[in-house]
Enquirer: 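Shown below is the structure under consideration.
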Amino acid sequence: MTFTADPRRFLYRGDALDPAAALRLTGDALRNCDDGELYLQYTAAESFGFDDGRLKTADFNTHAGFGLRGVSGETTAFAHANELSEAAIRRAADTMTVLDPTRTERSAPPRRTNSSLYTDSDPLSLVPFARKVELCQKIDAAARARDPRVVQVSASLSGSWSVIEIVRPDGFVGHDVRPLVRLNVSIVVEQNGRRETGFHGLGGRYLYDGLFEDATWNRAIDIALHQALVNLDSVAAPAGEMTVVLGPGWPGVLLHEAIGHGLEGDFNRKGTSAFSGRIGERVAAPGVTVVDDGSIANRRGSLSIDDEGTPTQCTTLIEDGILKGYLQDRLNARLMGVAPTGNGRRENFAHAPMPRMTNTFMLAGHEDPGEILARAKNGIYAKSFGGGQVDITSGKFVFSCTEAYRIENGRIGAPIKGATLIGDGPTVLTRVAAIGNDLELDEGVGICGKGGQSVPAGVGQPTLLVEGLTVGGTAA
């Protein structure tokens with residue numbers, strides 16, 4: 001069974017609510033507002049956790065509801081409920097009375113699009129429960145058979161399917177059906193009393209099919225196991241200011257956190273970003289071009305339309321080192337006198353939208369990664385990151401490396417453990433000395449947090465040479 005036949009039936013059920021009533025109620029509630037919308041959503045989600053040879057968790061849930069938002073000037077009124085009915089929307093409409101009537105021309109509706117970046121099929125119902133559990137069992141058995149040092153294997157599989165509809169008082173109606181799947185593999189190895197962990201995850205806005213291919217999950221095992229075994233041989237990381245080479249792909253999370261948030265419209269409108277008021281200025285080294293692109297098919301951070309109905313697009317933020325623009329939702333775009341960029345996002349119906357990244361990455365340069373390592377001579381090669389902390393206002397960050405190596409005489413040397421990268425985003429951009437020709441996007445595990453909301457996001461970059469980055473280490 002699939003839900004592709006008229007998925008809107010999960011939003012409009014029986015006599016509780018119908019499309020005509022949704023339009024009428026939205027028009028009445030927001031008639032005196034500059035902007036706003038009724039956001040309807042139904043979501044089904046499941047997750048499986050397999051650990052220590054057993055299925056530990058299996059969860060399935062559904063939820064539905066709406067968020068009603070009205071905007072007048074800089075003021076927003078927002079109400080939500082986990083009930084899709086005319087009565088609940090009428091009650092929420094009372095919240096809009098706190099707004100002053102609009103004194104400006106009402107914002108134009110989003111432009112329409114027929115593009116669809118992913119399937120509208122429901123990934124949850126297309127694969128039987130038993131087969132999902134079997135996949136986790138296969139991963140556990142295969143990982144343990146790879147190497148006798150494997151002492152623990154954890155595999156998790158998750159998927160969701162969300163139907164959303166955006167109804168505006170000007171008659172605009174937009175809808176989207178969004179799948180999302182993910183597979184994680186974590187492996188613990190032990191040797192001579194020392195334990196280390198490796199991890200790999202992947203996913204995106206597609207069906208489970210790709211994750212169930214033998215080559216896909218076996219590759220996830222190989223990458224996680226390699227990382228764990230490398231860390232078994234790691235030595236204490238050095239400390240101090242040194243040359244750092246960042247690997248392609250997932251290390252772009254540093255770019256996302258330390259730089260990307262500072263390029264979101266709300267921080268710049270309020271003047272709290274290190275990039276505020278700097279459009280047209282050089283903010284990065286020559287050759288550095290950073291884009292946010294929510295229109296890439298099947299990517300985890302992609303959306304056919306954002307959560308205000310605006311089609312996503314590729315937005316150039318920094319071009320050849322020059323700041324070109326910011327990421328905008330409708331509210332901040334209107335107040336800053338620019339066009340929305342399709343970056344109005346919300347975690348779910350219980351939250352108002354705000355400017356958020358989709359897939360944010362640096363474009364490739366022209367240099368060979370091997371030549372970049374040779375140019376670095378001595379320093380640190382950071383291949384993968386774990387957690388980190390970032391101050392959005394200043395761009396200051398601290399990131400821990402989950403897989404890193406010494407660079408010795410222009411070659412990758414011994415693996416190191418306990419390395420952290422310390423700096424600030426605006427400064428790092430100016431210290432990029434070489435950009436590789438090997439752009440990679442991450443494999444679909446990113447989760448972006450802001451203002452108490454979490455949304456799926458993508459990152460990426462080519463190999464980068466950064467001169468004079470502070471490394472916090474554990475070597476005596």
Side-chain angles (χ1 to χ4, degrees), residues 47-58 132-158 182-203 211-239 246-247 249-251 253 380-389 398-408 411-421 442-447 471-476:
S47 62
F48 299 83
F50 199 89
D51 188 26
D52 200 24
R54 294 182 298 170
L55 182 67
K56 292 292 184 69
T57 60
K132 296 166 188 173
V133 176
E134 182 186 19
L135 174 63
C136 295
Q137 292 172 325
K138 285 182 177 179
I139 291 172
D140 180 90
R144 293 178 187 276
R146 290 280 205 284
D147 194 289
R149 290 168 289 183
V150 174
V151 294
Q152 185 174 353
V153 180
S154 299
S156 64
L157 182 69
S158 61
R182 178 170 170 171
L183 172 67
N184 293 336
V185 177
S186 178
I187 296 176
V188 179
V189 296
E190 182 176 12
Q191 179 175 282
N192 300 325
R194 178 176 177 175
R195 288 194 169 200
E196 296 291 348
T197 302
F199 169 85
H200 187 67
L202 66 159
L211 301 182
F212 279 73
E213 294 177 1
D214 289 351
T216 300
W217 56 263
N218 273 294
R219 179 171 169 273
I221 293 173
D222 291 340
I223 294 173
L225 179 59
H226 170 79
Q227 188 180 100
L229 294 176
V230 163
N231 286 327
L232 270 183
D233 297 324
S234 62
V235 298
L246 302 174
W250 178 245
V253 68
I380 297 294
Y381 176 69
K383 184 176 181 180
S384 185
F385 288 139
Q389 294 181 327
V398 178
F399 272 91
S400 60
C401 299
T402 54
E403 185 178 351
Y405 303 82
R406 291 293 304 263
I407 301 174
E408 300 167 333
R411 297 177 181 272
I412 292 180
I416 57 176
K417 184 176 177 63
T420 57
L421 303 185
D442 81 285
E443 296 202 52
V445 297
I447 298 175
V471 177
T474 54

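Side chains included, hydrogens not; waters and symmetry mates left out as well; all remaining heavy atoms used.
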Enquirer: Under 6.0 Å from the CZ atom of Arg411, do we count more than 12 heavy atoms belonging to anything else shown?
Expert: no

Enquirer: Is there a donor-acceptor pair closer than 3.5 Å between any side-chain N or O of Ser186 and the backbone N or O of Ser154?
Expert: no

Enquirer: Looking at every heavy atom in both Ala237 and Gly418, which two are closest together, and how far apart are they?
Expert: CB-C, 4.0 Å

Enquirer: Using a 3.5 Å distance criterion without hydrogens, assess whether the side chain of Gln227 forms a donor-acceptor pair with backbone atoms of Phe199.
Expert: yes

Enquirer: If you measure from OG1 on Thr57 to CG on Leu55, what distance do you get to the nearest 0.5 Å?
Expert: 6.5 Å

Enquirer: Side chains of Arg146 and Asn218 only: does a donor on one sit below 3.5 Å from an acceptor on the other?
Expert: yes

Enquirer: Which heavy atom of Tyr405 sits nearest a heavy atom of Gly413, and at what distance?
Expert: CD2-O, 3.6 Å

Enquirer: Leu421 and Val471: side-chain contact (heavy atoms from CB on, under 4.5 Å), yes or no, with the steps?
Expert: CA-CA 5 Å; Leu421 303 185; Val471 177; 4.0 Å; yes

Enquirer: Rounded to the nearest 0.5 Å, what's the gap from CD1 on Ile412 to CZ on Arg406? Could you check?
Expert: 13.0 Å

Enquirer: In the structure I gave you, are the side-chain heavy atoms of Asp147 and Val189 within less than 4.5 Å of one another anywhere?
Expert: no

Enquirer: I want to check something: taking the side chain as every heavy atom from C-beta on, are Leu246 and Phe385 in contact at a cut-off of under 4.5 Å?
Expert: yes

Enquirer: When rounded to the nearest 0.5 angstrom, what distance separates CD in Glu408 from OH in Tyr381?
Expert: 15.5 Å

Enquirer: How far does CZ of Phe399 sit from OG1 of Thr420, to the nearest 0.5 angstrom?
Expert: 11.5 Å

Enquirer: Can you name the one residue among Glu190, Glu196, Gln191 that meets side-chain hydrogen bond (donor to acceptor under 3.5 Å, both in side chains) with Arg194?
Expert: Glu196

Enquirer: Below 4.5 Å, heavy atoms only, C-beta onward: do Asp442 and Val253 meet side chain to side chain?
Expert: no

Enquirer: To the nearest 0.5 Å, how far apart are CG in Leu135 and CG in Asp214?
Expert: 9.0 Å

Enquirer: Does some side-chain heavy atom of Ser384 sit less than 4.5 Å from a side-chain heavy atom of His200?
Expert: no

Enquirer: Take Lys383 and Trp250 through the side-chain contact (heavy atoms from CB on, under 4.5 Å) test and state the conclusion after the steps.
Expert: CA-CA 8 Å; Lys383 184 176 181 180; Trp250 178 245; over 6 Å; no

Enquirer: Can you name the nearest heavy-atom pair linking Ala143 to Ile187, along with the distance?
Expert: CB-CD1, 3.9 Å

Enquirer: Check for a donor-acceptor pair, side chain of Arg182 on one end and backbone N or O of Gly444 on the other, with a separation under 3.5 Å.
Expert: no

Enquirer: Check Ala224 against Val185 and note the closest heavy-atom contact, atom names and distance.
Expert: CB-O, 3.8 Å

Enquirer: Considering all heavy atoms of both residues, which atom of Ile139 and which atom of Ala155 are nearest to each other, and what is their separation?
Expert: CG2-CB, 4.1 Å

Enquirer: Does a side-chain heavy-atom distance below 4.5 Å link Trp217 with Leu183?
Expert: yes

Enquirer: Determine, step by step, whether Thr197 and Asn231 satisfy the side-chain contact (heavy atoms from CB on, under 4.5 Å) criterion, reporting the C-alpha distance in whole Å, the side-chain angles of both residues, the deciding distance to 0.1 Å, and the verdict.
Expert: CA-CA 8 Å; Thr197 302; Asn231 286 327; over 6 Å; no

Enquirer: Quick check: do Asn184 and Ser158 have side-chain heavy atoms less than 4.5 Å from each other?
Expert: no

Enquirer: Roughly how far, to the nearest 0.5 Å, is CG of Asp140 from CD of Gln152?
Expert: 9.5 Å

Enquirer: For Val235 and Lys417: C-alpha separation, side-chain torsions, deciding distance, then whether side-chain contact (heavy atoms from CB on, under 4.5 Å) applies.
Expert: CA-CA 6 Å; Val235 298; Lys417 184 176 177 63; over 6 Å; no

Enquirer: If you take all heavy atoms of Cys401 and Ala404, which pair is closest and at what distance?
Expert: CB-CB, 3.9 Å

Enquirer: Looking at side-chain heavy atoms only, is the closest gap between Ile416 and Ser234 below 4.5 Å?
Expert: no

Enquirer: Ignoring hydrogens and angles, tell me if any N or O in the side chain of Asp233 forms a donor-acceptor pair with the backbone of Ala414 under 3.5 Å.
Expert: no

